[in-house]
Amino acid sequence: MADVEKKEKTKKFFLRHIWDFVLLVALSLGTASVFIARSINEQRKEEDALVATVYKNNQKMEIKDEHGKSVNPFVLSTINDEKHFTIEGSKTDLVIAVKHNSICVYSSNCPGQECVHEGWVSHPNHPIICAYNEIFIEIISHSWEEIIVG
Amino acid sequence: MPFLFLVDDFDRSYDKNMKLKKTLIILLPLILSSCGNEEVKYYQGFDYGIFHSFVSWTYGAKGEDFSNEITSYLERLDDLSDPYYPMAGEANLFSLNESSDWVAVDPVLYDLLKTATDLKEKTEGYFDPYIGKLTKLWKNTLFGEEEDIFPTQEEIDEAATKVPELLEEANSFSLSFDEENKKVKRNGTAHIDLGGLVKGYAVEQIEKIMSAHGSTIYNINGGQSSVGLGNTKSGKPFTVSVMYSKVEGENTFKFKEKDTSGSGVYEQQYRLNGKIYNHIVNPKTGMPLSDYSMAFLVGDDSSVIDAFATACMLAGPDKANEWSKKYDFYYSLYKDKDGYTDFVSESSELTAMRANG
């Protein structure tokens, strides 16, 4: 008799507090999902997106692909195949080449050729400069947490 | 604590509580989504100027992008500290170098000159803003207008004959400051050159702008020689590598919320007869030569470590060690070996920050 009464009491308690339990579970799941979402977001930030921006005379250049789509800045980490783009420098034309996580001045008609000799660059904070053509290629890692000093 | 409140509902009517609980559950996604909404946005900017260097910055802030404020400041700083061209209708370093009277200058230039003079004293003259004529002499001799045309030993020796006179001129020079009227007066004929300080000074000022806007997550790169680091997005330390290491990662450090400065002979250098002639003139000898090839400093004030980086590279390890303790910075010093940095000595605190340590 006592057992039946106890069971009935427990059942009554659960029924009475059913929404409390629903709320508790919902809160727990919600908090966990926010925490997980933030962690994933942080993780994504850690996976550096390497971005190269080409500037001429301090202005970001308009560079388009064969479909007329604007590609500057180049998200190098998303590029799979090597592509070449001819751009107009202040004095001569240059050919910029991009491939996965790298960029270079493929050819240039400038007299010094220092920009071409830089070769493929894939380090953030290592700019490519063609002073003759006032071209500056800035490479930034999305996490920008790697610095080179010298 | 909604749950604790809700379980204690004996004195409340069942219906009232049910309504409240259902409302809370419906509102829960909204409440949680607002909790997870990160308001910090990330911005980037750069400016080409400050002694022909690119200054770039990346930062996180809750408000709007204030890169324009930084750009305006840098453009003004560059104009004011220009030793080669005058500014229209306003005194700058060029016009100050041409005058022997009291000259009213912008507070920015006044502060920069005061800082430079103070750092000359602290570095015991190893950083000397008064050697402008010597700097110009060697710049013209070693890196003239024509690219890829370098001087002969005879031309270098010829330039060296002018050094004693210019050195004497610099050593007898001083600046007088009128704090109240923000005026400066040159005492002597030497020329002021702030090239060894202005990038570090610029980084320090940008950090103040960041701080004024409440931004603590940032990376300010002053042409790679001066870098101001706040916190990172992830909260982990920055990875900072010293250039010209023979083995990649050999001189790599991990830290955050510190400034760094590098002074080295590897940029703008010319090797002749076993000597590395470079863009840094030793104020003690008047020659563009140094026994050491690179000093890497970490500290809290970018202006201070920029001047001390030059001073430490020129003065060597004993002075670097003494100054680092006195002025609260860490140093790492290198010699040149076959075109790469060869470790000499460093602060133990910096050793502890080594990524491979």
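Residue numbers start from 1 in every chain, and the chains themselves are labelled A, B, ... in the order their sequence lines are given, proteins ahead of strands.
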Check for me whether B/K256 meets the cation-pi criterion with B/F238, that is, NZ or CZ under 6.0 Å from the six-membered ring centre and within 45 degrees of the ring axis. no
Which bit of [X] comes within less than 4.5 Å of chain A, counting heavy atoms only: side chain, backbone, both or neither?
{"X": "B/T341", "result": "neither"}
{"X": "B/Y266", "result": "neither"}
{"X": "B/L297", "result": "neither"}
{"X": "B/V227", "result": "side chain"}
{"X": "B/Y218", "result": "backbone"}

Ring-plane angle category for B/F150 and B/Y270, please: parallel below 30°, perpendicular beyond 60°, tilted otherwise. parallel
- Ring centroid separation A/F74 to A/F85 under 6.0 Å: yes
Q) Between B/F253 and B/F296, is the ring centre distance below 6.0 Å? A) yes
Note to self: Between B/R354 and B/E346, does any side-chain N to carboxylate O distance fall below 4.0 Å?
What the structure shows: yes
